[in-house]
**Student:** 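Shown below is the structure under consideration.
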There are 4 protein chains.
Amino acid sequence: MTEDDEVTAGSGASREERRRDPSRVLALTDGVFAIIITLLVLDIHVPELMAHKHLGTAISDVRPSFVSFVIAFIVAAMQWVGHRDLFTLIRYTDRSVIWLNLLTLFAVCLLPFGSALLSRYYEDPLALRVFGLILIGTSVTRTAIWAYATQRPLLIHEPLDRVSIRSGLALSVFPVVVYVIAFAIAIAGVSPQASLAVYASGPVLYFIAITLLHLVAPRGSALRQFT
Amino acid sequence: MTEDDEVTAGSGASREERRRDPSRVLALTDGVFAIIITLLVLDIHVPELMAHKHLGTAISDVRPSFVSFVIAFIVAAMQWVGHRDLFTLIRYTDRSVIWLNLLTLFAVCLLPFGSALLSRYYEDPLALRVFGLILIGTSVTRTAIWAYATQRPLLIHEPLDRVSIRSGLALSVFPVVVYVIAFAIAIAGVSPQASLAVYASGPVLYFIAITLLHLVAPRGSALRQFT
Amino acid sequence: MTEDDEVTAGSGASREERRRDPSRVLALTDGVFAIIITLLVLDIHVPELMAHKHLGTAISDVRPSFVSFVIAFIVAAMQWVGHRDLFTLIRYTDRSVIWLNLLTLFAVCLLPFGSALLSRYYEDPLALRVFGLILIGTSVTRTAIWAYATQRPLLIHEPLDRVSIRSGLALSVFPVVVYVIAFAIAIAGVSPQASLAVYASGPVLYFIAITLLHLVAPRGSALRQFT
Amino acid sequence: MTEDDEVTAGSGASREERRRDPSRVLALTDGVFAIIITLLVLDIHVPELMAHKHLGTAISDVRPSFVSFVIAFIVAAMQWVGHRDLFTLIRYTDRSVIWLNLLTLFAVCLLPFGSALLSRYYEDPLALRVFGLILIGTSVTRTAIWAYATQRPLLIHEPLDRVSIRSGLALSVFPVVVYVIAFAIAIAGVSPQASLAVYASGPVLYFIAITLLHLVAPRGSALRQFT
């Protein structure tokens, strides 16, 4: 991907445009997210009733699977919303965007495993570390797409002002920082509860940050793009 | 999401329009429904033939899985048809519509578990309650999208008259009421059969209600939108 | 769905057009077919090597799963191609088309189970009957859509001449007849091999019939539509 | 598919155009790839902790599943990128393109099984052969689509010069050659390690080849199409 390619694209060569069209990238991405979102339900098995056992106690055995489904659903939903926000800015893909996006999908695919692990061994530092690595993977790759695309005016719809680029980057880096802290706590082995709490704060803080942005940012600013 | 945002959208800012475009929301939703619809077939395992056993008796062991597939298929199909009806009215999404839609998908994802539970323990009040909660979840979230979007003229294609808004709301609330009654019967623990019967009446009554609407509603009315 | 609705649609009311737009129906259908096509691979488990066993013999245990995957793939692929052919004629959907299409998907969803059953118990008349019922289900529902839509000029793109309608119907009914014969043989219990052979002849004959149509039908005829 | 059909298509008959429209072919293909990419994660089960066992050792049991997921992900991602490249050139499908594409999907569907087999028995010549056959299948069918479509000017967007056609063919045949060599080594039974190394070199060499093409090929050349 050189400067020249972009010039060619700008000159409107229709073959170039088709090559850079993001529609199939989005179709694949939406497909993967749809599967990830529904995948963990497969893990919630209907309990077999043994003799002398209530359905109530049997169902409570399913709780870890359910918790793991809820965690994966929330994280995947936020990732998908963030991905959608990102690609409302991006007009064209190139080789790097496509492969960075595939890297994001790679990390997203591991979410069900990570949350299943966490829901069962939420006090084990190793489980907390694995979950953290996956979360960091999904956020870092998305940040990379943001950084890469916003540096290349021909890849995005309208030029973004510097403030928007930096705030968007900050908003992208923000969950990475939260997850790295939680990961560091899990590595240090101080307290699994503290690590868990920091992980959980990630989506909450992100949600609050975006709500504030909506209130603060001037109308029409790219910062109001975020969902 | 404030009043101002909507004004901005109305002024045709193309970045706003892309942010509000529902196409990826629908792509994700259709993907999730396609998976939910096919998911339960995975539960219908080909029976292993033990010695001295007919394939006939072995296959009849698969019956609960099959019944559960049929239930989930009908409910999911009705939900999908209703979702499609709703989004033929909605032109733009905003942050609330997207998250309400993700809540709908969350409830829809639990349908396979609920119907698997019901098909095996259809006489157990707990199974009836869990199934009811999931059904109520799918219907309440869809009603919320209807109520939210129809109150915001800039989110929908053409302005809806008050009668249409209210009748559409009634049609959306209607299954909620049916499911709550069935749920209440399951809670009261009077008779599992009665609760089951009320659940089953849900789709049937909804189907009849829409057929009547098609016959009664004036041509071009939004009420004929429903499928 | 009354005559009046169609008139309204013909007058170009955009709300009507959105309600009748088949795009989400196709999105759901393609999603279901994509899952069905890949679903059975889940059944091909990598064998666990026991002591004193070659990977060769272990892999040959996987054969029934592989055969079942191949059968389901061929049948599902033909159904998908046929569905795509059908919907290149159909411009608008209505309530009946949507529900008939959901019925088709219902039958298609059962294909993995049917072919898994057949691949394991191909000599059992019951397995042959179940498989036959599923195949008949997929073909009958598609025939119903053809018959319904071709009778309603406002649902299809260009008016079809009577010869095309009838030949298309014949082509749709054709697999039904083949499957009913195979099913009848399985019921009669004469010979599982004969029943199997008739099932297998279905796709082959269909393929030949379409190839002949391509050679015989005049250019531009709807009969050349078939893939 | 005869010469005549193509002439009809060129004359702009809209029924012909709909029949040849590749959009549903791409929707099915993207769906299948999305599933294949996420499928193997289902194989990465959260380990059950036995008494006296660390989560660390339990997780390391999951390693073969993880390796198999990584292999399948890389191969499937490259296949998808290649498929996307190919279909930025192709404007219309016909019966042959559709069935060749379904053959590609058939081979792609077997990737999870092949990589699961390889990750567990990477020293077994039989596993290496099965994996090789699947890879050859995916590449040969894609090469066939390239060869078929580039010979038919009416199927592609812009006419391709001879150099582009041949180089594209070479690029398509290239992985086939690599895989056939690795397959031959596996057949000869000389050294599983050598076979594995040649397989692994496939994606690496392909990536290098495309990077070189991007540097060497003149601007606007179809050779820069490849991602």
Side-chain angles (χ1 to χ4, degrees), chain A residues 23 26-27 29-49 54-59 62 65-66 69-70 72-74 76-78 80-81 83-85 87-91 156-158 160 164 207 210-211 214-215 218-222 224-227, chain B residues 1-2 4-5 7-8 11 13-21 23-36 38-40 42-43 64-65 68 93-99 101-103 105-106 108-121 123-127 130:
Chain A
S23 61
L26 300 182
T29 306
D30 287 342
V32 168
F33 272 104
I35 299 162
I36 292 303
I37 276 175
T38 43
L39 211 65
L40 264 181
V41 181
L42 281 172
D43 246 19
I44 313 184
H45 293 295
V46 170
E48 299 285 334
L49 270 198
H54 267 285
L55 186 57
T57 37
I59 274 190
V62 178
S65 300
F66 182 74
F69 167 64
V70 173
F73 192 96
I74 294 174
M78 300 204 78
W80 177 78
V81 167
H83 189 277
R84 185 177 166 277
D85 285 348
F87 274 82
T88 57
L89 297 175
I90 294 178
R91 184 178 183 180
I156 55 181
H157 278 283
E158 292 106 359
L160 281 171
S164 294
F207 212 83
I210 286 180
T211 308
H214 272 261
L215 297 175
R219 254 183 248 173
S221 153
R224 301 190 91 152
Q225 287 286 110
F226 296 99
T227 317
Chain B
M1 197 57 235
T2 64
D4 304 37
D5 275 295
V7 176
T8 318
S11 69
S14 77
R15 180 178 290 158
E16 272 301 296
E17 293 212 346
R18 286 196 313 272
R19 176 161 80 82
R20 290 157 163 270
D21 183 62
S23 61
R24 286 193 66 187
V25 177
L26 300 183
L28 186 79
T29 307
D30 287 340
V32 169
F33 272 104
I35 299 163
I36 293 303
T38 42
L39 212 65
L40 264 180
L42 281 173
D43 247 19
S65 301
S68 135
T93 56
D94 62 11
R95 211 186 168 193
S96 307
V97 171
I98 287 175
W99 282 105
N101 192 63
L102 284 166
L103 270 180
L105 295 184
F106 180 84
V108 166
C109 280
L110 291 170
L111 271 178
F113 173 71
S115 63
L117 198 68
L118 190 70
S119 66
R120 243 145 275 187
Y121 307 109
E123 301 218 317
D124 192 303
L126 181 60
V130 170

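A, B, ... follow the sequence lines: proteins, then strands. Residue 1 opens every chain. Since this is a predicted model, take the numbers as computed values, not measurements.
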**Student:** Need one label for B/Leu117: side chain, backbone, both or neither, based on atoms under 4.5 Å from any heavy atom in chain A.
**Tutor:**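 Both backbone and side chain of B/Leu117 come within 4.5 Å of chain A.
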**Student:** Do you know which two heavy atoms are closest between A/Phe73 and B/Leu102, and how far apart they sit?
**Tutor:**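 That would be CZ-O, 3.3 Å.
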**Student:** Tell me, out of A/Ile37, A/Val62, A/Thr29, who's got the most heavy-atom pairs with chain B below 4.5 Å.
**Tutor:**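 That would be A/Ile37.
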**Student:** Kindly say whether B/Arg19 contributes a backbone atom to a donor-acceptor pair with the side chain of A/Arg84 at under 3.5 angstrom?
**Tutor:**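 Checked: pair present.
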**Student:** Heavy-atom pairs under 4.5 Å with chain A: which of B/Ala27, B/Cys109, B/Ser23 has the most?
**Tutor:**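 Option with the greatest count: B/Cys109.
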**Student:** Is there a side-chain contact between B/Arg95 and A/Thr211 in this structure, where contact means two heavy atoms from C-beta onward sitting under 4.5 Å apart?
**Tutor:**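 With C-beta onward as the side chain, the pair touches.
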**Student:** Given heavy-atom pairs under 4.5 angstrom as the criterion, report whether the side chain, backbone, both or neither of B/Thr93 touches chain A.
**Tutor:**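 For B/Thr93, side-chain heavy atoms alone lie under 4.5 Å from chain A.
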**Student:** Would you check if B/Phe106 and A/Ile74 make a side-chain contact, meaning some heavy-atom pair closer than 4.5 Å?
**Tutor:**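 A side-chain contact under 4.5 Å is absent here.
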**Student:** Enter the distance from A/Phe33:CZ to B/Leu105:CG here, rounded to the nearest 0.5 Å.
**Tutor:**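 With rounding to 0.5 Å, CZ (A/Phe33) is 13.5 Å from CG (B/Leu105).
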**Student:** Please give me the minimum heavy-atom distance between A/Asp30 and B/Leu28, naming the atom from each residue.
**Tutor:**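 Looks like O-CD1, 3.7 Å.
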**Student:** If you measure from OG1 on A/Thr38 to CG on B/Leu111, what distance do you get to the nearest 0.5 Å?
**Tutor:**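 A/Thr38 atom OG1 to B/Leu111 atom CG measures 12.0 Å (nearest 0.5 Å).
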**Student:** Start with the C-alpha gap between B/Phe113 and A/Phe69, add the side-chain angles, then the distance that decides, and say whether side-chain contact (heavy atoms from CB on, under 4.5 Å) holds.
**Tutor:** CA-CA 12 Å; B/Phe113 173 71; A/Phe69 167 64; over 6 Å; no
**Student:** Examine whether an atom of B/Val130 lies under 4.5 Å from a heavy atom of chain A, and if so say whether it belongs to the side chain, the backbone or both; otherwise answer neither.
**Tutor:**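 Side chain only.
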**Student:** Compare every heavy atom of B/Gly31 with every heavy atom of A/Ala34, then report the nearest pair and how far apart it is.
**Tutor:**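 Taking every non-hydrogen atom into account, CB-C, 3.8 Å.
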**Student:** Go through the atoms of A/Leu39 and report whether side chain, backbone, both or neither lie under 4.5 Å from a heavy atom of chain B.
**Tutor:**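 Neither the backbone nor the side chain of A/Leu39 comes within 4.5 Å of chain B.
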